[in-house]
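Below: the structure, in structure tokens.
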Amino acid sequence: QVQLVESGGGLVQPGGSLRLSCAASGRIFSQYTLGWYRQTPGKQREYVALIRTSGSTDYADSVKGRFTISRDNAKNTVYLEMNSLKSEDTAVYYCHEIESGYWGQGTQVTVSS
């Protein structure tokens, strides 16, 4: 059974940083492209970033230069380092395995003073 479990969300002030983690189990993690998405109430889930099996990355324009996605295949974990956070980054963040369609349960990030 495949599981993706996010952690690391919380409350942070504008300009602050957080690091999200997504731990995967039940498959050979290194063979899949992993992504981060986010969603706010009443809006569609939106793409944030992805990392391919090669290690190459891609980012939404809204987070480019502020967020960094990385992966540790030995730990079956993908990370999202978020810096210079803004109030508009407030959302539930989801980990997503691109090829298979699996999603994690999400972790709340709130950016507020």
Side-chain angles (χ1 to χ4, degrees):
Q1 182 180 356
V2 176
Q3 278 194 316
L4 300 174
V5 180
E6 301 96 335
S7 61
L11 173 64
V12 62
Q13 291 187 341
S17 299
L18 278 176
R19 188 175 82 154
L20 306 183
S21 300
C22 172
S25 62
R27 66 208 292 105
I28 303 173
F29 178 80
S30 61
Q31 295 181 350
Y32 296 90
T33 301
L34 279 299
W36 286 96
Y37 290 70
R38 65 188 182 187
Q39 188 170 24
T40 54
K43 293 188 177 181
Q44 285 191 331
R45 196 168 293 186
E46 67 170 355
Y47 165 74
V48 174
L50 67 79
I51 185 164
R52 302 176 183 88
T53 56
S54 64
S56 65
T57 59
D58 184 70
Y59 298 91
D61 287 343
S62 59
V63 306
K64 203 170 291 185
R66 300 188 298 122
F67 290 11
T68 302
I69 188 171
S70 61
R71 65 193 298 165
D72 185 336
N73 291 333
K75 295 183 178 180
N76 279 3
T77 301
V78 62
Y79 303 97
L80 186 68
E81 184 76 35
M82 305 185 295
N83 298 313
S84 302
L85 282 162
K86 306 174 182 179
S87 58
E88 50 263 45
D89 295 318
T90 295
V92 178
Y93 283 71
Y94 296 90
C95 179
H96 179 46
E97 193 173 87
I98 305 296
E99 289 89 346
S100 64
Y102 287 109
W103 292 91
Q105 84 290 348
T107 186
Q108 176 71 47
V109 171
T110 302
V111 184
S112 175
S113 56

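Of all non-hydrogen atoms in L34 and C95, the two that sit nearest each other are CD1-SG, 4.2 Å. Closest non-hydrogen pair, S21 versus T77, comes out as CB-CG2, 4.2 Å. Between S84 and S17, the closest heavy-atom pair is N-OG, 4.4 Å. The shortest non-hydrogen separation linking K43 to Q39 is O-NE2, 3.0 Å. Scanning both residues, A49 and L80, for their nearest heavy atoms gives CB-CD1, 4.4 Å.
Note: Y93 and F67 have tilted aromatic rings, judged against thresholds of 30 and 60 degrees for the angle between ring planes.
Separation of atoms OG (S70) and CZ (R19) is listed at 7.0 Å; rounding is to 0.5 Å. Rounded to the nearest 0.5 Å, atoms CG (N73) and OG1 (T53) are 9.0 Å apart. To the nearest 0.5 Å, atom CD of residue Q105 and atom CG of residue L4 are 9.0 Å apart. Expressed to the nearest 0.5 Å, how far CG of N76 lies from OG of S30 amounts to 8.0 Å. Interatomic distance, L85 CG to Q13 CD, rounded to the nearest 0.5 Å: 11.5 Å.
Panel note: side chain R38, backbone T90; no donor-acceptor pair is recorded below 3.5 Å. Listed for the Y59 side chain is a donor-acceptor partner under 3.5 Å among the backbone atoms of I69. No donor-acceptor pair under 3.5 Å is formed between the side chain of E6 and the backbone N or O of T107. The backbone N or O of G104 sits nowhere less than 3.5 Å from a side-chain atom of H96 that would complete a donor-acceptor pair.
Judged purely by distance below 3.5 Å, without hydrogens or angles, the side chains of S112 and T110 never pair a donor atom with an acceptor atom.
The number of heavy-atom neighbours closer than 6.0 Å to NZ of K64, taken from other residues, nucleotides and ligands shown, is above 12. In this structure, E99 places its CD atom where more than 12 heavy-atom neighbours from other residues, nucleotides or ligands lie under 6.0 Å away.
At a threshold of 4.0 Å, the pair D89-K86 does not count as salt-bridged, since none of the basic side-chain nitrogens sits closer than that to a carboxylate oxygen.
Counting heavy atoms from C-beta on, the side chains of V92 and R45 never come closer than 4.5 Å.
Following chains of ILVMFWY side-chain contacts shorter than 4.5 Å, one cannot reach V48 starting from Y94, and the two form parts of different hydrophobic clusters. Both I51 and W36 sit in one connected hydrophobic cluster of ILVMFWY residues. Membership requires side-chain heavy atoms under 4.5 Å apart, directly or through other members. Placement of Y32 and L20 within a single hydrophobic cluster is found when ILVMFWY residues are connected by side-chain heavy-atom separations under 4.5 Å, directly or transitively. Linking ILVMFWY residues whenever their side-chain heavy atoms come closer than 4.5 Å, directly or via other members, places W103 and L50 in the same cluster.
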As a quick check of understanding, evaluate side chain to side chain contact (heavy atoms under 4.5 Å, CB included) for D58 and R52, giving each step before the final call. CA-CA 9 Å; D58 184 70; R52 302 176 183 88; 4.1 Å; yes
